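The structure under discussion appears below in the form of structure tokens.
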Amino acid sequence: MTTTLPLGTTSNDVRWLDDPVHQRWLAHDAKAQFAFFQRCLRPEPGFHLLDLQGTPVPGAQQELHSTTRMVHSFALGQLAGVAGADEIVDHGMAYLWSHHRDTDHGGYVRALDDTGITDGTKLAYGHMFVLLAGASARMAGHPDADRLIADVTEVLDTRYWNEERGLFHDEYARDWTPFSTYRGMNANMHGIEALLTAYEATGEAMYLERAGRILDFFVGRMAPAHDWRLPEHYTEAWEVDPEYDGNPMFRPGGTTPGHSFEFARLLLQHWDLKGRPDNGSPDRARRLFKTALTDAHDAERGGFVYTLNFDGSWRMPARYWWPVTEAIGTAAAFLKLEWQEDDERLYRDLWRFAAENLIDHRHGGWYPEVDADNRPTATQFSGKPDIYHSIQASLFPRSSRLSGIAGDLGAL
């Protein structure tokens with residue numbers, strides 16, 4: 001799997017998004033990722049968790065966000081003509097319906113293994129990815145996509161959506177008993193992603209309208225009120241909870257600059273789908289992106305620290321792969337909108353850092369974390385947890401669009 005392919009033409013006169021050399025690099029990395037993660041397929045229901053070399057990890061549980069992200073990612077691969085991608089999509093869609101879907105109480109359980117349900121919690125976060133998986137599978141032509149979209153849309157509508165607030169609630173026990181008053185940004189951000197994809201897949205205006213309402217709250221209200229840093233955690237009344245510090249991966253304290261990267265790209269996608277109104281969305285996206293870049297960039301080692309305090313100082317200095325992938329996607333979006341030299345330089349620098357430190361050129365896929373010396377480490381993750389973030393970094397710059405990217409990938 002080792003490659004000597006150049007990242008792109010070195011000349012400053014060539015824009016990498018238009019550069020055949022860079023486009024070949026993107027295709028090569030995407031194909032290497034798909035080849036690595038195709039090893040997740042197993043004869044039994046569900047998917048293997050893979051270690052760094054691609055060997056299945058025995059006894060690992062199957063989490064809802066992992067199953068759904070695999071379906072979404074390989075649906076993109078199917079649209080890009082990847083051989084065998086349809087088999088992964090079909091396998092994951094079957095497992096979602098036969099195992100994650102709770103036939104007793106409705107909704108989708110958080111985690112299972114071969115013995116049954118290991119965590120019956122019903123998180124909005126995972127349900128957003130069910131909608132994303134169904135929407136992407138629909139665009140890839142899967143015959144069961146419509147029933148999955150209809151089922152999870154009803155659950156989101158009846159259990160999680162708060163029409164008065166224009167936001168999603170977060171979590172319930174398996175039988176829908178509330179067990180916390182926590183409200184969070186992460187599930188709502190991925191709700192935007194899923195809603196926009198569902199709109200692209202179905203044309204149903206409700207999805208686009210709800211995505212806009214969530215964006216209005218976080219980007220229209222929260223970001224400017226907090227110096228363009230996005231608070232993650234909230235009380236039941238949707239007041240910022242500055243003391244909250246939960247799961248170190250999914251709900252760490254402080255602010256998460258990688259989420260600002262994602263929000264900026266999603267804001268541009270929504271703005272594009274709305275017909276590019278004169279509403280200031282590109283400027284707000286730029287402020288979110290620039291603030292997170294300035295705060296979180298590790299100038300000495302490269303990459304981005306994981307979390308920040310509310311004043312922009314570093315809180316958790318660990319450096320993971322996914323904020324880099326999201327910064328790549330957002331830099332590419334700005335370059336598609338209007339080429340600027342600073343964005344071009346940033347885009348190239350991000351890919352150089354990834355190629356030198358995060359991409360596993362021998363086995364395929366990306367290392368999820370690097371240590372202080374930019375060597376792969378494993379303090380937070382086991383193996384290579386999923387393909388979702390990194391495959392989008394390689395695929396999204398292959399399209400010239402800000403929205404409707406799934407239908408514009410071209411053959412790898």
Side-chain angles (χ1 to χ4, degrees), residues 106-108 122-132 134-135 149-172 176 178 180-226 228-242 244 250-251 255-256 259-285 287-288 402-403:
Y108 295 78
K122 304 282 175 63
L123 300 181
Y125 179 84
H127 284 72
M128 303 309 173
F129 284 109
V130 177
L131 179 59
L132 179 68
I149 292 170
D151 187 67
V152 73
T153 297
E154 182 180 9
V155 174
L156 290 171
D157 188 55
T158 58
R159 298 294 185 178
Y160 296 102
W161 180 251
N162 183 311
E163 176 61 25
E164 180 182 358
R165 294 282 186 180
L167 296 163
F168 288 107
H169 293 175
D170 268 84
E171 55 193 4
Y172 297 90
W176 299 109
S180 83
T181 58
Y182 174 81
R183 302 289 183 263
M185 186 188 77
N186 196 10
N188 278 277
M189 181 195 69
H190 284 293
I192 297 167
E193 176 187 35
L195 291 165
L196 294 180
T197 307
Y199 174 73
E200 291 178 351
T202 69
E204 292 291 333
M206 176 271 291
Y207 295 121
L208 186 63
E209 185 268 338
R210 287 188 176 179
R213 293 187 67 187
I214 301 170
L215 283 164
D216 285 344
F217 178 79
F218 287 106
V219 182
R221 292 175 54 189
M222 291 295 105
H226 294 86
W228 295 93
R229 301 179 185 102
L230 288 168
E232 291 276 338
H233 311 296
Y234 298 81
T235 67
E236 186 176 19
W238 282 100
E239 297 173 347
V240 176
D241 186 352
Y244 184 92
F250 296 102
R251 294 182 183 178
T255 71
T256 308
H259 287 161
S260 290
F261 299 154
E262 291 187 75
F263 254 103
R265 177 175 57 81
L266 293 169
L267 180 59
L268 290 176
Q269 182 183 356
H270 178 266
W271 172 75
D272 194 52
L273 289 169
K274 290 287 288 185
R276 301 193 173 193
D278 185 15
N279 61 4
S281 286
D283 290 338
R284 288 195 293 273
R287 295 192 70 172
L288 272 179
L402 294 177
S403 62

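Positions are given from 1 along the sequence. Side-chain atoms are counted along with the backbone in the values below, which use heavy atoms only and exclude waters and symmetry mates. On a predicted model such as this, the values are computed, not experimentally measured, just so you know.
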Inset, instruction - Apply side-chain contact (heavy atoms from CB on, under 4.5 Å) to F129 and E193, showing your working. - result: CA-CA 9 Å; F129 284 109; E193 176 187 35; 4.0 Å; yes

Legend entry - Heavy-atom closest pair, residues M185 and P231: SD-O, 3.6 Å

Inset, instruction - Provide the closest heavy-atom pair for P277 versus W271 in the form atom of the first, atom of the second, distance. - result: O-NE1, 2.8 Å

Inset, instruction - Give, for atom CG of L230 and atom CZ of F263, the distance between the pair rounded to the nearest 0.5 Å. - result: 6.0 Å

Inset, instruction - Please check if atom CD in E209 has more than 12 non-hydrogen atoms from other residues, nucleotides or ligands closer than 6.0 Å. - result: yes

Inset, instruction - Using atom types as modelled and distance alone, determine if a side-chain donor or acceptor of D241 lies under 3.5 Å from a backbone N or O of T235. - result: no

Legend entry - Derivation of the side-chain contact (heavy atoms from CB on, under 4.5 Å) call for M206 and T153: CA-CA 11 Å; M206 176 271 291; T153 297; 3.9 Å; yes

Legend entry - CG on L132 to CD1 on I192, rounded to 0.5 Å: 13.0 Å

Legend entry - From CZ (R165) to CG (N188), nearest 0.5 Å: 12.0 Å

Legend entry - Least distance between heavy atoms, V219 atom then A223 atom: O-CB, 3.9 Å

Inset, instruction - Count the heavy atoms of every other residue, nucleotide or ligand shown that sit under 6.0 Å from CZ of R276, and state whether that count exceeds 12. - result: yes

Inset, instruction - Hey, could you give me the CE/CD distance between M189 and E262, rounded to the nearest 0.5 Å? - result: 3.5 Å

Inset, instruction - Go through the steps to decide whether R210 and D157 satisfy the test side-chain contact (heavy atoms from CB on, under 4.5 Å), and finish with yes or no. - result: CA-CA 11 Å; R210 287 188 176 179; D157 188 55; 2.7 Å; yes

Inset, instruction - Check for a donor-acceptor pair, side chain of Y244 on one end and backbone N or O of G184 on the other, with a separation under 3.5 Å. - result: no

Legend entry - Any donor-acceptor pair under 3.5 Å from H127 side chain to Y108 backbone: yes

Legend entry - Polar side-chain atom of R287 near backbone of P224 as donor-acceptor pair, under 3.5 Å: no

Inset, instruction - Grab the two heavy atoms, one from A285 and one from L267, that are nearest each other, plus how far apart they are. - result: N-CD2, 3.6 Å

Legend entry - Result of checking Y234, Y160, Y125, W161 against F168 for ring pair (Phe, Tyr, Trp, His ring centres under 6.0 Å): W161

Inset, instruction - Could I get the full list of salt bridge (Lys or Arg N to Asp or Glu O under 4.0 Å) partners for D170, not counting sequence neighbours? - result: R251

Legend entry - Close side-chain approach of H270 and L208, heavy atoms under 4.5 Å: yes

Inset, instruction - Answer with yes or no whether the side chains of Y182 and H233 bring together a donor and an acceptor at under 3.5 Å. - result: yes

Inset, instruction - Calculate, to the nearest 0.5 Å, the distance between atoms CZ and CD belonging to R183 and E171 respectively. - result: 8.5 Å

Inset, instruction - Kindly indicate whether the side chain of I149, heavy atoms from C-beta on, has any atom under 4.5 Å from the side chain of Y207. - result: yes

Legend entry - Check: L268 and S281 side chains under 4.5 Å, non-hydrogen atoms: no

Inset, instruction - Could you pull out the closest heavy-atom pair between L288 and S260, with the gap in Å? - result: O-CB, 4.0 Å

Inset, instruction - Would you mind checking if R213 and E163 are paired as a salt bridge, meaning a charged N to carboxylate O distance below 4.0 Å? - result: yes

Inset, instruction - Measure the NE2-CG distance between H190 and L266 for me, rounded to the nearest 0.5 Å. - result: 8.5 Å

Legend entry - Considering all heavy atoms, the nearest L195-A211 contact: CD1-N, 3.7 Å

Legend entry - Chi angles and distances behind the side-chain contact (heavy atoms from CB on, under 4.5 Å) call for M222, V240: CA-CA 9 Å; M222 291 295 105; V240 176; 4.1 Å; yes

